[in-house]
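Here is the structure we will look at.
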Amino acid sequence: MAPSFFKEKLDDLAQKGLYRTLRTTTSDQDATLTVNGRELINFSSNNYLGIANHPALKEASIKAIGRYGAGSGASRLITGSMTLHDELESAIATFKGTEAALVFNSGYLANTGVISCLVGEGDFIFSDELNHASIIDGCRLNKAKVMVYRHNDLSHLEELLKNHSRSTIHHPRFLIATDTVFSMDGDLCPLPDIMKLAEKYDALVYVDEAHGTGVFGKNGRGVVEHYGISSAHPLLIQMGTLGKALGSFGAYVCGSRDLINYLINKARTFIFSTSLPPSVLAASQAAINLLQSDASMTQKLWENVRYFKKEAVSPIIPVLVGDAQKTMELSQKLFEKGIWAQGIRPPTVAEGSSRIRFTVMATHTKEQLDLCLKALKDLGL
Ligand code: PMP
């Protein structure tokens with residue numbers, strides 16, 4: 001490989017307006033962030049409830065380190081399965097109303113590990129075209145044939161299901177995979193209708209509640225709860241993350257005991273990776289307790305979302321720009337006005353659909369929301 005390879009690739013990205021760099025914060029994670037000594041209002045975080053720096057989470061982490069130390073020392077199937085893992089998993093199963101739950105080291109690892117083993121060669125996965133990269137990668141790791149359906153287009157999904165229905169001698173298995181809240185658009189999947197199709201065509205449904213958990217549903221259990229779908233539905237497999245609204249880190253998958261035992265035996269990202277450390281597990285547990293005992297955080301979040309944009313359906317509010325370079329320029333202009341709103345470009349979104357993605361938090365003040373709305377108006381957005 002020529003030594004100039006990296007530089008050439010980077011120059012090419014820069015020319016297309018797709019070059020990415022890191023911006024380091026020196027503050028804790030809340031409605032404001034400090035960068036290079038400057039305070040900015042944070043409109044780019046998934047810490048929707050603003051609890052990543054909550055005293056209850058910090059205290060639980062510190063206590064867990066004092067009792068159990070810093071690391072778990074091994075993967076779960078070796079010596080890395082600690083009381084804290086068991087406690088967190090049973091808390092998640094109770095919270096979600098499922099028989100069992102399993103903790104993964106991140107949402108990315110949950111999606112890649114679980115989707116890659118739920119079905120196999122000769123089977124079919126039906127995946128929404130706007131699904132998160134980790135679902136796409138999970139599909140890539142599976143030997144099943146992947147059929148991508150147009151975003152939230154149920155007639156397209158049904159057409160694909162029908163075309164591959166089990167009239168063949170092989171009796172393939174079907175898996176439908178979808179985000180419940182689409183991460184770059186903020187819209188919801190039509191889950192009740194997806195469940196109807198799943199019943200009609202006998203397909204498993206794998207839902208990614210990364211942006212639903214702690215945000216949707218009367219008890220913050222996610223979009224499944226929001227739509228009144230039973231967590232005990234035999235075709236439903238739920239995944240969610242602990243590093244967004246729950247302010248900690250990691251992910252969970254929940255469903256039947258058999259499903260969880262299957263994943264313990266089959267999901268390679270679970271089997272072959274050192275398990276989550278005590279501090280993280282304890283913070284997640286504290287976040288679930290907090291969510292169950294204090295509904296005011298979710299109420300405040302929704303109040304802020306509606307104040308920011310009346311017709312918004314989730315705390316994720318994209319402003320479409322189109323061109324990647326222009327998007328980054330506008331994001332930079334907002335930054336100069338004291339607002340951190342991330343520009344999103346390919347490959348995260350499709351060519352020509354670059355956007356600025358605003359995320360509203362429960363801990364934003366009205367004044368902060370007003371400042372952002374004014375900045376948007378000033379920039380003609
Ligand atoms: N699924 C979705 C829909 C996401 O938005 C993300 C994170 N951006 C993930 C999965 C991955 O989760 P994690 O950050 O915990 O790896």
Side-chain angles (χ1 to χ4, degrees), residues 46 96 101-121 123-154 156-157 160-161 164 173-191 193-195 197-198 201 203-213 215-216 222-224 229 235-245 249-255 259 262-263 266-270 273 314 316 318 344 346-350 353 357:
N46 301 317
K96 297 285 292 183
L102 191 66
V103 168
F104 281 74
N105 289 4
S106 72
Y108 186 90
L109 290 169
N111 280 342
T112 48
V114 177
I115 294 175
S116 62
C117 73
L118 282 181
V119 290
E121 199 160 7
D123 296 330
F124 290 90
I125 303 177
F126 302 88
S127 176
D128 187 289
E129 67 175 330
L130 294 190
N131 276 341
H132 189 258
S134 50
I135 293 186
I136 296 171
D137 292 356
C139 292
R140 285 177 182 162
L141 288 170
N142 198 308
K143 289 198 171 127
K145 195 154 191 243
V146 181
M147 313 299 301
V148 176
Y149 61 92
R150 287 188 295 274
H151 178 51
N152 277 349
D153 183 339
L154 294 190
H156 191 207
L157 172 59
L160 294 173
L161 285 162
H164 300 285
R173 289 184 303 148
F174 287 174
L175 172 70
I176 301 170
T178 182
D179 286 5
T180 58
V181 183
F182 288 87
S183 55
M184 297 300 138
D185 292 69
D187 58 340
L188 306 193
C189 73
L191 195 55
D193 292 332
I194 291 177
M195 295 312 299
L197 284 181
Y201 293 94
L204 283 173
V205 178
Y206 180 83
V207 291
D208 176 336
E209 289 266 41
H211 299 275
T213 311
V215 174
F216 283 88
V223 172
V224 169
I229 294 163
L235 296 173
L236 183 64
I237 299 171
Q238 300 181 66
M239 168 272 179
T241 54
L242 303 164
K244 294 184 168 66
F249 182 66
Y252 65 84
V253 176
C254 58
L259 165 76
Y262 177 82
L263 296 177
K266 291 285 186 184
R268 292 169 66 84
T269 58
F270 174 86
S273 195
S314 80
I316 302 170
I344 310 284
T348 310
V349 291
S353 74
R357 176 182 181 266

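Along the sequence shown, residues are numbered consecutively beginning with 1. Scope of the values below: all heavy atoms of this structure, side chains included, with no hydrogens, waters or symmetry mates. None of these values were measured; they are calculated from a predicted model.
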Reported [atom1]-to-[atom2] distance for the pair [X] and [Y], which is rounded to 0.5 angstrom:
X: Asn131; Y: Asp179; atom1: CG; atom2: CG; answer: 4.5 Å
X: Tyr252; Y: Leu102; atom1: OH; atom2: CG; answer: 13.0 Å
X: Ser134; Y: Ile115; atom1: OG; atom2: CD1; answer: 7.0 Å
X: Tyr206; Y: Leu118; atom1: OH; atom2: CG; answer: 7.5 Å
X: Phe124; Y: Tyr201; atom1: CZ; atom2: OH; answer: 14.0 Å
X: Ile135; Y: Asp128; atom1: CD1; atom2: CG; answer: 8.5 Å

**OP:** Only counting residues at least two apart or in another chain, list the ones meeting side-chain hydrogen bond (donor to acceptor under 3.5 Å, both in side chains) with Thr180.
**Re:** Glu209
Original post:
Please walk me through it: do Leu154 and Ile194 pass side chain to side chain contact (heavy atoms under 4.5 Å, CB included)?
Top reply: CA-CA 7 Å; Leu154 294 190; Ile194 291 177; 3.7 Å; yes
Taking all non-hydrogen atoms of both residues, which atom of [X] and which atom of [Y] are closest, and how far apart?
X: Val253; Y: Ala110; result: CG2-CB, 4.2 Å
X: Gly107; Y: Thr241; result: CA-CG2, 3.7 Å
X: Val223; Y: Gly212; result: CG2-CA, 4.3 Å
X: Gly113; Y: Ser116; result: O-OG, 3.0 Å

Subject >> Expected output: side-chain Tyr262 to main-chain Cys117 donor-acceptor under 3.5 Å >> reply: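 Yes, Tyr262 side chain to Cys117 backbone: donor-acceptor pair under 3.5 Å.
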**OP:** Check whether the side chains of His151 and Asp185 place a donor and an acceptor atom closer than 3.5 Å, and report yes or no.
**Re:**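 Note: His151 and Asp185 side chains miss the donor-acceptor criterion.
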Subject >> Phe182/Ser314 under side chain to side chain contact (heavy atoms under 4.5 Å, CB included): CA gap, chis, key distance, verdict >> reply: CA-CA 10 Å; Phe182 288 87; Ser314 80; over 6 Å; no
Would you say [X] and [Y] make side-chain contact, with heavy atoms under 4.5 Å?
X: Phe270; Y: Leu263; answer: no
X: Tyr108; Y: Thr269; answer: no
X: Val181; Y: Val215; answer: no
X: Thr213; Y: Lys244; answer: no
X: Met184; Y: Leu130; answer: no

Original post:
side chain to side chain contact (heavy atoms under 4.5 Å, CB included) with Phe126: which of Val205, Leu160, Leu175?
Top reply: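 The passing option is Leu160.
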**OP:** List the steps, then state whether side chain to side chain contact (heavy atoms under 4.5 Å, CB included) holds for Met239 with Asn111.
**Re:** CA-CA 8 Å; Met239 168 272 179; Asn111 280 342; 3.6 Å; yes
Original post:
Does the side chain to side chain contact (heavy atoms under 4.5 Å, CB included) test come out yes or no for Asn142 and Val119, once each step is laid out?
Top reply: CA-CA 7 Å; Asn142 198 308; Val119 290; 3.6 Å; yes
